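Notes follow once the structure below has been shown.
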Amino acid sequence: MEQAQGRFVRPSRSLFGRLADGTEVHRWSLENGGVRLAVLSLGGIVQSLEVPDRRGRPANVSLGFDTVEAYTAADRYFGALVGRYGNRIAKGRFTLDGRTYRLSANDGGNSLHGGAAGFDKVVWEVEPFVSGADVGLRLSYTSADGEMGFPGALGTVVTYTLTRNGDWHVDYAATTDKPTVVNLTSHVYWNLGGEASGSVHGHELSLAASRYTPVDSSQIPTGEAAAVEGTPFDFRRAKKVGAEIRRAHPQLLHGRGFDHNWVLDKGSTAHPVEVAELRDPASGRTLRIATTEPGLQFYSGNFLDGTSAGTGGTVYRQGDGLCLETQHFPDSPNRPGFPSTVLRPGDTYRSATVHRFSAR
């Protein structure tokens with residue numbers, strides 16, 4: 001990679017592989033503020049993200065693979081952009097303006113993360129940029145009217161920025177030509193000890209959320225916003241991810257662990273507000289997340305089943321990574337009491353999330 005002025009490295013492109021139909025998939029590499037980021041044109045996937053520990057030693061803290069074939073074979077959304085609708089929509093359908101739309105059902109009758117061929121499965125156009133002391137990538141994709149059952153042609157631009165301080169910003173924007181629903185997020189699996197270091201159950205997590213949305217046995221919200229107090233879902237004060245993950249709580253049984261949406265105390269905001277902190281005591285690495293979104297899905301890697309080997313050459317098993325997906329709530333199109341995910345022509349969907357790394 002080319003060494004640029006000051007502290008950053010200009011984005012550079014290399015061939016990562018090809019899809020079965022011959023479509024090229026490129027890997028973009030960039031560096032700033034001591035953080036190195038590698039992104040694939042396939043699904044906007046974060047293929048690796050290297051962060052130094054308290055002694056200055058870098059390690060890749062995101063789970064992923066070395067080949068296109070591994071990404072297309074694994075259906076776990078490793079590092080991907082998720083859309084058009086992150087999380088679940090019950091029974092793969094919703095009604096908008098009196099019309100019912102039937103979606104791609106890929107999760108036991110529900111629609112999950114945009115359906116069988118969501119944004120994680122498409123090749124995005126990628127434009128690199130340098131802006132002052134920041135470097136980044138603009139990823140764009142237009143989803144056709146009716147794709148995976150969603151109405152309207154949706155034009156989407158997602159901007160990844162690495163700042164001079166090593167912060168990773170993700171900014172989403174989308175427009176439509178018909179009324180539709182949109183809920184975009186990032187599905188990075190974090191392991192701050194390093195991608196091949198084993199379980200994240202020893203990581204310490206705090207969430208600025210007094211309520212969460214309980215789910216039924218198919219992991220669809222019941223519509224309630226329940227208090228976290230007195231439950232394993234109370235992360236208002238930092239505690240280990242694994243501290244209560246094996247408690248015989250009905251909600252933990254539904255998700256085989258944590259796989260729920262937390263109702264952020266701040267609600268929707270015009271600018272990102274810090275809502276989560278994840279820390280690995282062994283390495284000292286800390287991740288702080290700020291967002292404009294009203295919800296955060298904490299998924300503790302419950303369905304990693306030992307069938308995928310990652311970039312470090314180890315097999316991923318349950319709990320080897322976790323996701324902190326900033327978003328609107330699951331099944332919002334069918335829940336009038338939840339924050340709306342409706343986007344109409346003439347309006348622009350906007351969302352922003354900031355990831356700040358440090359080590360102590």
Side-chain angles (χ1 to χ4, degrees), residues 11 16 25 27-53 57-68 70-71 74-82 86 113 119-120 124 136-137 139 158 160-162 166-170 185-203 205 241 276-280 282-289 291 296-304 308-326 353-359:
F16 185 73
V25 174
R27 183 180 191 262
W28 288 88
S29 302
L30 52 157
E31 181 179 349
N32 207 2
V35 174
R36 296 176 180 172
L37 178 64
V39 175
L40 305 183
S41 56
L42 173 66
I45 288 168
V46 173
Q47 194 254 343
S48 68
L49 199 158
E50 295 182 32
V51 179
D53 65 7
R57 299 172 299 187
N60 174 22
V61 297
S62 67
L63 273 57
F65 305 118
D66 284 330
T67 67
V68 168
Y71 280 106
D75 198 18
R76 301 290 182 217
Y77 306 95
F78 284 91
L81 288 175
V82 170
H113 293 333
F119 284 3
D120 60 296
W124 293 63
L137 305 169
L139 301 97
V158 180
Y160 289 168
T161 306
L162 272 185
D167 297 342
W168 175 42
H169 292 230
V170 185
T185 190
S186 172
H187 207 283
V188 173
Y189 285 78
W190 301 104
N191 186 324
L192 299 183
E195 170 275 334
S197 63
S199 175
V200 295
H201 285 182
H203 283 30
L205 175 67
V241 168
E277 180 176 305
L278 181 68
R279 182 173 183 270
D280 171 38
S283 68
R285 293 187 186 91
T286 300
L287 165 63
R288 295 181 179 88
I289 295 178
T291 188
L296 183 148
Q297 184 87 4
F298 164 37
Y299 167 55
S300 52
N302 319 319
F303 296 94
L304 300 178
S308 302
T311 52
T314 62
V315 171
Y316 294 147
R317 298 194 179 276
Q318 189 177 56
D320 280 356
L322 62 82
C323 301
L324 298 168
E325 305 159 59
T326 54
T353 295
V354 179
H355 308 79
R356 295 189 172 100
F357 302 97
S358 61

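Hydrogens, waters and symmetry mates are skipped; everything else that's a heavy atom, side chains included, is used. Bear in mind the structure is a predicted one, so any value in this text is a computation, not a measurement.
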Answer whether the closest heavy-atom distance between the side chains of Leu304 and Asn302 falls below 4.5 Å. no
Among residues at least two apart in sequence or on other chains, which ones pass salt bridge (charged side-chain N to carboxylate O under 4.0 Å, His left out) with Asp66? none
Is there a donor-acceptor pair under 3.5 Å between the side chain of Ser197 and the backbone N or O of Asn191? no
Partners meeting salt bridge (charged side-chain N to carboxylate O under 4.0 Å, His left out) with Asp120 (sequence neighbours left out): none
Suppose we call two aromatic rings close when their centres sit under 6.0 Å apart. Are Trp28 and Tyr160 close by that rule? no
CD/Gln47 to CG/Leu42 distance, rounded to the nearest 0.5 angstrom? 11.0 Å
Between Asp167 and Arg356, is there a salt bridge with N-O shorter than 4.0 Å? yes
How close do Tyr299 and Glu325 get, heavy atom to heavy atom, and via which atoms? CB-OE2, 4.0 Å
So does His201 get a backbone contact from the side chain of Ser199, meaning a donor-acceptor N/O pair under 3.5 Å? yes
To check you understand the geometry: which heavy-atom pair defines the closest contact between Val200 and Val241, and what is its length? O-CB, 3.7 Å
So which heavy atom on Gly193 is nearest to which on Asp280, and how close? CA-OD2, 3.3 Å
4.5 Å side-chain heavy-atom contact, Leu192 and Leu287: yes
Between Pro52 and Ala359 the two heavy atoms that sit nearest each other are O-CB, 3.8 Å
What orientation do Trp124 and Phe119 show, parallel under 30°, tilted 30 to 60°, or perpendicular over 60°? perpendicular
Has the side chain of Asn32 got a donor or acceptor atom that lies under 3.5 Å from a matching backbone atom of Gly166? no
Can you run down the salt bridge (Lys or Arg N to Asp or Glu O under 4.0 Å) pairs that involve residues 39-52, sequence neighbours left out, and say none if there aren't any? Arg36-Glu50
Checking side-chain contact (heavy atoms from CB on, under 4.5 Å) for the pair Leu278/His203: CA distance, chi angles, key distance, verdict? CA-CA 7 Å; Leu278 181 68; His203 283 30; 3.7 Å; yes
Hey, can you tell me if Tyr77 and His187 have their rings parallel, tilted or perpendicular (30° and 60° cut-offs)? tilted
What's the spacing between Arg57 CZ and Arg285 CZ if we round to 0.5 Å? 8.0 Å
Gly312 backbone acceptor or donor facing Glu195 side chain under 3.5 Å: yes
How would you list, by chain and number, every residue that makes a salt bridge (charged side-chain N to carboxylate O under 4.0 Å, His left out) with Arg27, sequence neighbours excluded? none
Would Trp168 and Val354 count as a side-chain contact (heavy atoms from CB on, under 4.5 Å) here? Give the steps. CA-CA 6 Å; Trp168 175 42; Val354 179; over 6 Å; no
Residues in salt bridge (charged side-chain N to carboxylate O under 4.0 Å, His left out) contact with Glu277, at least two apart in sequence or another chain: Arg288, Arg360
Note, Leu162 side chain near Val35 side chain (heavy atom, < 4.5 Å): yes
Listed by chain and number, what are the ring-ring contact (aromatic ring centres under 6.0 Å, His included) partners of Phe78, not counting sequence neighbours? Phe65, Tyr189, Tyr316
Taking the side chain as everything from C-beta on, heavy atoms only, tell me whether Leu296 gets closer than 4.5 Å to Thr291. no
Using every non-hydrogen atom in the two residues, find where Asp320 and Leu63 come nearest and quote the distance to one decimal. O-CD1, 3.7 Å
Check Val39, Leu37, Leu137 against Pro11 for a side chain to side chain contact (heavy atoms under 4.5 Å, CB included) and give me the one that passes. Leu137
Okay, side chain of Ser62, backbone of Val188: is any donor-acceptor separation there less than 3.5 Å? no
Heavy-atom closest pair, residues His355 and Val170: CE1-CG2, 3.8 Å
Rounded to the nearest 0.5 Å, how far does CZ of Phe357 lie from OG1 of Thr286? 11.0 Å
